[in-house]
Amino acid sequence: MSEEIKEKLNSLRELLLMEAEQEKTKILDMAKKEAEAMEKEEMEKISREEALILKEANERAESLRRRQVMAAERERRTELLRLQNKLIKEAVNMLEDRLNQLKDDSRYPQILVALVEEGASVLKDVAIIKIRLSAQDASLGEYVAQEAQRRLKDLKVTFDNDPAPIFGGVWIYSSDGKRFVGADWKTRAQELATSLADRLLPLL
């Protein structure tokens, strides 16, 4: 092989090697760009997923917080209502006990007469009323009826000696039994429960 041919072959080899190197560099650049593009796309995808997960987590946390707040508020209201009912019940019981103590007052018969007068004012257009007392107060029945009769001149008052299931005060009926006024201590205490509630609740 002549020197000239060898030279041409070497030149061709170097050219091929140079082109191969350039192609390799080009391929590597393309691969690098593709890898960078893929990495960027994956990072963007991961960022979107993270943002979505974070949003969902925040929404769940907010929903949970709202439920906890609502549950705590319901529990607070329930406890407050229970406390209110307990205080009102205790206040009504205390009032009833105080009213029952009126039996020891020397003016108790006159108190019963006043209760009959008050009850009779509710039973309008009634000509005859009957009164019932507790078994403990039965001995006062005739006196209370007579004294009430004396004060209520246009109304006939009779004593029903059948004891009322009460501790004190009086039950008042129309003669036909269709109309009734409870002026006993339990009824009075219950009637005052609303007033007590209005006065107690602002203090809680």
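For the numbers below, each heavy atom of this structure counts, side chains included, while hydrogens, waters and symmetry mates do not.
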* Quick one: do D105 and R107 make a salt bridge, cutoff under 4.0 Å? -> yes
* Shared hydrophobic cluster for L112 and V122 (ILVMFWY, side-chain gaps under 4.5 Å) -> yes
* Stepwise side-chain contact (heavy atoms from CB on, under 4.5 Å) check, R65 with E62 -> CA-CA 5 Å; R65 187 192 68 80; E62 180 61 21; 2.8 Å; yes
* What do you reckon, is CD of E75 surrounded by more than 12 foreign heavy atoms closer than 6.0 Å? -> no
* To do: With rounding to the nearest 0.5 Å, note down the distance linking CD in Q101 to CD in E96.
  => 11.5 Å
* L140 reachable from I131 in the ILVMFWY side-chain graph, under 4.5 Å edges -> yes
* Structure fact -> Between T158 and A145, the two heavy atoms sitting closest are C-CB, 4.3 Å
* From CA spacing to verdict: side-chain contact (heavy atoms from CB on, under 4.5 Å), F167, L99 -> CA-CA 10 Å; F167 291 107; L99 291 173; over 6 Å; no
* CZ of R150 to CD of E147: how many Å apart, nearest 0.5 Å? -> 4.0 Å
* Asked: When you look at R67 and M70, which way does the side-chain contact (heavy atoms from CB on, under 4.5 Å) test go after all the steps?
  -> CA-CA 5 Å; R67 287 198 299 271; M70 290 172 63; 5.6 Å; no
* ILVMFWY cluster, I166 and Y108 together (side-chain gap under 4.5 Å) -> no
* **Test item: S134 side-chain N/O and G168 main-chain N/O as donor-acceptor pair under 3.5 Å** => no
* Would you check if there is a donor-acceptor pair between the side chains of R132 and Y173 at a distance under 3.5 Å? => yes
* Asked: With a 4.5 Å heavy-atom cut-off, do V116 and V144 have their side chains touching?
  -> yes
* Asked: So how far is it from R76 CZ to L83 CG, rounded to the nearest 0.5 Å?
  -> 11.5 Å
* Asked: So I129 and L155, side-chain contact (heavy atoms from CB on, under 4.5 Å) or not? Walk me through it.
  -> CA-CA 7 Å; I129 62 171; L155 190 64; 3.8 Å; yes
* To do: Take atom NZ of K103 as the centre, draw a 6.0 Å sphere, and report whether it contains more than 12 heavy atoms from other residues, nucleotides or ligands.
  => yes
* **Nearest heavy-atom neighbours spanning R151 and E117** => NH1-OE1, 2.8 Å
* To do: Verify, without hydrogens or angle tests, whether D137 (side chain) and L133 (backbone) share a donor-acceptor contact under 3.5 angstrom.
  => no
* Looking only at heavy atoms, which two atoms of S174 and D176 are closest? And how far apart? -> OG-OD1, 2.5 Å
* **Salt-bridge present (R82, E79; N to O < 4.0 Å)** => yes
* Asked: What class does the angle between the rings of W171 and F180 fall in, given that below 30° is parallel, 30 to 60° is tilted and above 60° is perpendicular?
  -> perpendicular
* Asked: Quick one: does I172's side chain get under 4.5 Å of L123's, heavy atoms only?
  -> yes
* To do: State whether E118 and R188 are salt-bridged, where the test is any N-O pair (Lys NZ or Arg NE/NH1/NH2 against Asp/Glu carboxylate O) under 4.0 Å.
  => yes
* **Euclidean distance, E90 CD relative to D97 CG, rounded to 0.5 Å** => 11.5 Å
* Asked: Going only through I, L, V, M, F, W and Y residues with side-chain contacts under 4.5 Å, is there a path from V113 to I128?
  -> no
* Mind checking whether R60 and S63 have side chains closer than 4.5 Å, heavy atoms only? -> no
* **More than 12 heavy atoms from other groups under 6.0 Å of CZ on R98** => no
